[in-house]
Number of protein chains: 2
Amino acid sequence: MQERVDEKSVSPLYLRVRDHLAAQIAKGLLTPSTRLPSERILAEEHDTTRVTTRLALAQLEAEGRIYRSNRRGWFVSPPRLIYKPTHDYSFSENVTAQGRVPATETLDVTSTHTNSWLATRTGMAIGDPIVWLRRRRQIDGRPVLVENIYLNPKRLPGIETYNFDRSLWKLLREQYGVELRGKQIEMYPTALVDPQASAIGVTAGTAGLYVTRCSRDADGCFVEFDEEFWLHDALSIQVEVS
Amino acid sequence: MQERVDEKSVSPLYLRVRDHLAAQIAKGLLTPSTRLPSERILAEEHDTTRVTTRLALAQLEAEGRIYRSNRRGWFVSPPRLIYKPTHDYSFSENVTAQGRVPATETLDVTSTHTNSWLATRTGMAIGDPIVWLRRRRQIDGRPVLVENIYLNPKRLPGIETYNFDRSLWKLLREQYGVELRGKQIEMYPTALVDPQASAIGVTAGTAGLYVTRCSRDADGCFVEFDEEFWLHDALSIQVEVS
DNA sequence: TCGCCAAACTGGTCTATACCAGATCAGCGA
DNA sequence: TCGCTGATCTGGTATAGACCAGTTTGGCGA
């Protein structure tokens, strides 16, 4: 089927398909949130098979240029959200400030107990009561992260009764007078797997960024431990040191 | 060939293969730097084909559990290097402090001129002389990053004549009395593509972390702009805010 | 006009196979 | 003993299909 290109050392076909699509995105022929032609059509256009086409798409996905929406197709990625962990406290405010539309959904709120994994990270004792909150957050209608938040009910009595579909940071400040001071942040790239992958609506193995954040108030008292699973193409992190 | 598992809703075969390998790693049957059985053997063991086996391996690679060495095989990933951009200055010292063996290779040193991309990031004027240094760095013999470093020859006269196969930070301090103060850091996950992918010896599309760092001395004078391309499974980033 | 349902379409998973190119290694010859 | 060489092993690239499971959509009927 494929006419043999007899020149030596041409790049592999799947990279040529990748470059062709990348050029169309760069030229503005394909813009954020537009759908790419289907895999079958792309395969036909390049005189190849779906397997090879999917290799090319996987390359662009890994670069963060396109993403897939489950069985709906491939889409051009929007710009990354700029996130400054040393400055930003509120997801909603940050997203809004960058001209985009945030949304937050509470998935689950549970009163439970500190396990050993949490204990070493928060300073709480094993067995201490703790409130476990799961949320999904979106930018312009696209889910970009799910998070597990663990709240200290000693410092935040009655916290489990509030509505969490808004800024947690505002809630803490307005209802509990908490001024967050210290934060320990850890992050590394990894794949999203279940249950996070299905919560965010992507296939297992999609590239992600894992971020944890432990926040304390002005007295050094543990307030909140946050575990975030981001889509890898959704954010860019900026840190300033002086 | 494959005996049909007639239970409904069993997970896909490639995820079962993934989980089987992950369990072996967790149990310690496969330890860092040991080679996995070849794709053909794994396929045979699980009564499937190489294509499906490679899907499973790609999952584990995306999670950072295994990595591939070009045409040599798949290996279990070593622990991530902990990197604290707000504290750490020296790659070599940091790697050594974590009980591992660092190595640095200089790939290229060129005296060139500031382009517009660099100008907006460094504050230099377009056309200003600048020294471009490319290095590859290893941990325990495995290349984990390549970097482009741009040095300000006004602040660092004669810098291009030094040997760069050691800590640049020490060189700046000892030879030029530079005390780095301000740093602007930006990072996001993306795929490694050529020329960085081949410089690091991985296939194009391998997951990576892109990090840039702009350093200034105590007077606020631009000293160094660093652009790093890390393997995504090689590091974990920690930031402390107070 | 509205709502439902079936067809068409999407990506998701999987088989079976082929050939290529670089890495490795055993064995042969100097 | 050492170095070369070729066989063998590895992953890398590619074809040509198949069927499944959600999503979307167009048309039909109330």
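Atoms considered below: every heavy atom in the structure, side chains included; atoms not considered: hydrogens, waters and symmetry mates. Below, read A as the first sequence line, B as the second, and so on, with proteins coming before strands; counting in each chain starts at 1. Being a predicted model, the structure only gives us computed values, none of them experimental.
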### Task
Fit a plane to each ring of Tyr150(B) and Phe225(B), take the angle between them on a 0 to 90° scale, and name the class: parallel (under 30°), tilted (30 to 60°) or perpendicular (over 60°).
tilted

### Message
It should be established whether Arg72(A) places a side-chain nitrogen or oxygen under 4.0 Å from OP1 or OP2 of nucleotide dG22(D).
### Response
no

### Query
Among dG12(C), dT15(C), dG11(D), which is the nearest nucleotide to the side chain of Arg40(A)?
dG12(C)

### Test item: Trp230(A) and Val144(A) side chains (from C-beta on) under 4.5 Å apart, heavy atoms
yes

### Query
Between the side-chain atoms of Arg71(B) and the base atoms of dA21(C), is any donor-acceptor pair under 3.5 Å?
yes

### Task
Would you please confirm or rule out a distance under 4.0 Å between OP1 or OP2 of dT10(D) and any side-chain N or O of Ser38(B)?
yes

### Query
Hey, does the side-chain of Arg68(B) have a donor or acceptor N/O within less than 3.5 Å of a partner on the base of dG12(D)?
no

Side-chain donor-acceptor pairs under 3.5 Å in residues 206-213 of chain A, sequence neighbours left out?
residue: Thr206(A); atom: OG1; partner: Thr203(A); partner atom: O; Å: 2.7
residue: Tyr210(A); atom: OH; partner: Glu227(A); partner atom: OE2; Å: 2.7
residue: Arg213(A); atom: NH1; partner: Tyr83(A); partner atom: OH; Å: 2.3
residue: Arg213(A); atom: NH2; partner: Asp226(A); partner atom: OD2; Å: 2.7
residue: Arg213(A); atom: NH2; partner: Glu228(A); partner atom: OE2; Å: 3.0

### Message
Counting distance alone, no hydrogens or angles: does the base of dG12(D) have a donor or acceptor under 3.5 Å from a partner atom on the side chain of Arg50(B)?
### Response
yes

### Message
With a 4.0 Å limit, can you tell me whether Thr48(B) has a side-chain N or O closer than that to the phosphate oxygens OP1/OP2 of dT15(C)?
### Response
yes

### Query
Does a side-chain N or O from Thr52(B) land closer than 4.0 Å to OP1 or OP2 of dT13(C), or not?
no

### Summary
Rounding to 0.5 Å, atoms OG1 (Thr104(B)) and CD (Glu147(B)) come to a distance of 7.5 Å

